[in-house]
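This chain uses plain numbering: 1 for the first residue, then up along the sequence.
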Amino acid sequence: MKLMHLLQMTDSTFPVGTFSFSNGLETASHIGIVHDADSLEQYTRSVARQGAFSDGVAALIAFRAAKNGDLKAVEEIDRGLMLFKMNDEARMMLQRMGKKLAELAVKLFPDDTLIAAWLDDIRSESTPGSYPVAQGLSFAASGLGEEELFASHQYGVINMVLSAALRCVRVSHYDTQLILQRLCAESQDLFDQAREMTFDDMNSFVPEMDIFASMHEKGNMRMFMN
């Protein structure tokens with residue numbers, strides 16, 4: 001039954017809005033940096049690695065704090081993670097998705113007082129409500145473990161980019177599924193590293209992606225256009 005909970009929270013139809021974001025892919029494809037399956041795989045691998053050692057680490061720390069019932073520690077990592085983000089789009093993405101997941105989590109886990117208290121603090125704007133922290137709290141409440149949490153996080157990051165690629169890069173479903181298979185196979189090594197990291201160890205140095213994201217804020221390229 002735990003496997004079914006994992007599938008539920010990892011499914012692309014899970015209503016938290018992941019389909020709305022592309023981690024800068026729209027700009028990267030528009031200017032020709034990502035233009036085929038090979039360049040898409042390189043780009044997605046960079047996104048996955050960046051996510052593993054930043055948001056993935058934050059999710060694991062939040063998970064442990066939730067297991068200890070430590071709301072203060074949860075909110076410290078929540079605020080710290082938002083300060084870690086260099087562009088407005090990344091912050092907006094994490095906050096929108098985080099609040100949606102928190103609102104859903106209080107329905108799924110009505111007896112979890114920590115999630116309810118965290119959502120109250122999000123609504124009062126005393127904590128930002130980032131998505132990786134929401135994932136950590138939700139997985140702790142569901143009885144799933146750290147490895148399942150990290151797998152769900154990585155799958156979501158990878159699939160977010162690949163789903164967007166089908167709308168703005170010349171690739172097929174065959175291409176994206178092959179990339180997904182290869183990158184998922186690399187996630188165990190990323191988890192083995194991320195699980196030992198502290199907040200001070202977190203890193204996300206992929207400056208090109210922050211440039212793409214800041215270009216996208218003022219650009220006209222959008223996944224959903226008519």
| field | Test log, rule side-chain contact (heavy atoms from CB on, under 4.5 Å), inputs Ile179 and Leu162 | value | CA-CA 8 Å; Ile179 294 169; Leu162 296 181; 3.9 Å; yes

| task | Under the side-chain contact (heavy atoms from CB on, under 4.5 Å) rule, what do Lys100 and Gln95 come out as? Steps first, then yes or no, please. | result | CA-CA 8 Å; Lys100 284 185 178 181; Gln95 285 187 277; over 6 Å; no

| query | So how far is it from Met9 CE to Asp11 CG, rounded to the nearest 0.5 Å? | reply | 12.0 Å

| query | Below 4.5 Å, heavy atoms only, C-beta onward: do Trp118 and Glu75 meet side chain to side chain? | reply | yes

| query | What's the spacing between Leu25 CG and Ile33 CD1 if we round to 0.5 Å? | reply | 11.5 Å

| request: Could you walk me through whether Gln154 and Cys184 pass the side-chain contact (heavy atoms from CB on, under 4.5 Å) test, one step at a time? | output: CA-CA 8 Å; Gln154 284 296 102; Cys184 284; over 6 Å; no

| said: Quick check: closest heavy atoms across Ala73 and Ala65, and the distance to 0.1 Å? | reply: CB-CB, 3.8 Å

| To the nearest 0.5 Å, how far apart are CD in Glu146 and CD1 in Ile61? | 10.0 Å

| field | Check: Phe139 ring centre within less than 6.0 Å of Phe63 ring centre | value | no

| request: Heavy atoms only: give me the nearest Pro128-Ile122 pair and the separation to one decimal. | output: O-CG2, 4.2 Å

| query | Where is the tightest heavy-atom contact between Ala165 and Val171, given as atom of each residue plus distance? | reply | O-CG2, 3.9 Å

| message | Let me check something: do Leu178 and Leu180 share a hydrophobic cluster, defined by ILVMFWY side-chain heavy atoms less than 4.5 Å apart, either directly or through other members? | response | no

| Would you say Phe84 and Met202 make side-chain contact, with heavy atoms under 4.5 Å? | yes

| Is there a donor-acceptor pair under 3.5 Å between the side chain of Ser163 and the backbone N or O of Met160? | no

| Is a donor on one side and an acceptor on the other found under 3.5 Å between the side chain of Thr176 and the backbone of His173? | yes

| field | Side-chain heavy atoms of Met93 within contact of Tyr131, under 4.5 Å | value | no

| request: Scan for side-chain hydrogen bond (donor to acceptor under 3.5 Å, both in side chains) pairs involving residues 182-191, sequence neighbours excluded, and state none if there are none. | output: Glu41-Arg182, Arg45-Glu186, Gln188-Asp192, Asp189-Gln193

| query | Which one of Asp121, Asp78, Asp120 satisfies the side-chain hydrogen bond (donor to acceptor under 3.5 Å, both in side chains) criterion with Thr127? | reply | Asp78

| query | Taking it one step at a time, do His35 and Leu40 satisfy side-chain contact (heavy atoms from CB on, under 4.5 Å)? | reply | CA-CA 7 Å; His35 54 86; Leu40 174 62; over 6 Å; no

| Heavy-atom distance under 4.5 Å between the side chains of Leu137 and Val74, does that happen here? | yes

| task | Look at the side-chain heavy atoms of Ile, Leu, Val, Met, Phe, Trp and Tyr, link any pair under 4.5 Å apart, and say whether Phe14 and Leu3 land in one connected group. | result | yes

| query | Are Val133 and Ile77 side-chain neighbours, meaning at least one heavy-atom pair lies under 4.5 Å? | reply | yes

| said: Hydrophobic cluster membership, with links at side-chain heavy-atom distances under 4.5 Å among I/L/V/M/F/W/Y: are Val47 and Ile31 in one? | reply: yes

| query | Salt bridge check: are Asp55 and Lys85 linked by an N-O gap of less than 4.0 Å? | reply | yes

| So, Asn68 side chain and Asp70 main chain: donor-acceptor pair closer than 3.5 Å or not? | no

| task | Mind checking the CG-CD spacing from Leu71 to Glu76? Nearest 0.5 Å is all I need. | result | 10.0 Å

| field | Interatomic spacing from CD in Gln8 to OG in Ser152 - rounded to 0.5 Å | value | 10.5 Å

| field | Gap separating the CD atom of Gln50 from the CG atom of Asn203, nearest 0.5 angstrom | value | 9.0 Å

| request: Give a yes or no answer on whether the side chain of Ser46 reaches the backbone of Gln42 with a donor-acceptor pair at less than 3.5 Å. | output: yes

